[in-house]
Amino acid sequence: MGEVAGVGAAVRYDDNDFFKNATTYRVQGFYRVTYMLRLRAAAGSGVKNPSQTELFGFNASAFPFVGNPNLKPEKSEGWEAGGDT
């Protein structure tokens with residue numbers, strides 16, 4: 001491990017009073033094939049809760065914005081892979 005290969009992981013738990021609680025993760029790793037080439041990969045998940053402005057809007061005199069109280073959190077999963085020289 002270290003110079004030739006490596007792995008990492010993380011877990012996050014969000015305790016939310018307004019929306020459903022959420023657990024997200026990220027895992028990653030790399031492997032050095034040669035001195036000049038390193039392969040890497042990662043995967044993870046995420047969640048973004050609507051802001052107070054997105055839910056309820058605001059009243060700016062020139063440009064009022066009407067919110068949407070029916071918005072739900074956005075969830076995502078993703079991955080990436082690549083090589084470095």
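Not measured: the values here are computed from a predicted model.
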Donor-acceptor contact present, side-chain Ser45 to main-chain Tyr25, <3.5 Å: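 Flag set: sc Ser45 to bb Tyr25 pair under 3.5 Å.
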Any side-chain heavy-atom pair of Leu55 and Thr53 under 4.5 Å: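 Side chain of Leu55 against side chain of Thr53, heavy atoms only: no contact under 4.5 Å found.
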Side-chain heavy-atom pair Asn49, Asn16 within 4.5 angstrom cut-off: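 Result yes, sub-4.5 Å side-chain heavy-atom pair found.
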Connected via hydrophobic side-chain network under 4.5 Å: Val33 and Val4: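 Same cluster.
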same_hphob_cluster(Phe30, Val27) at 4.5 Å side-chain heavy-atom cutoff: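 In one cluster: no.
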Where Phe19 and Leu71 come nearest, the two heavy atoms and their spacing: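 Result for this residue pair: CE2-O, 3.8 Å.
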For Glu80, all residues meeting salt bridge (Lys or Arg N to Asp or Glu O under 4.0 Å), sequence neighbours excluded: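 Partners of Glu80 by the salt bridge (Lys or Arg N to Asp or Glu O under 4.0 Å) criterion, ordered by chain and then number, come out as Arg26, Arg40.
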Salt bridge (charged side-chain N to carboxylate O under 4.0 Å, His left out) partners of residues 12-24, not counting sequence neighbours, each pair once: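 Listed once each, the pairs are Arg12-Asp14.
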Candidate pair Lys48 and Glu54, rule salt bridge (Lys or Arg N to Asp or Glu O under 4.0 Å), full reasoning: CA-CA 12 Å; Lys48 189 219 178 275; Glu54 293 169 328; 3.4 Å; yes
Phe18 and Phe56 aromatic ring geometry - parallel, tilted or perpendicular at 30°/60° bounds: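 Rings of Phe56 and Phe18: perpendicular, as their planes differ by over 60°.
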Tyr35 atom OH, over 12 foreign heavy atoms within 6.0 Å: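 No, OH of Tyr35 has 12 or fewer neighbouring heavy atoms, counting only those of other groups under 6.0 Å.
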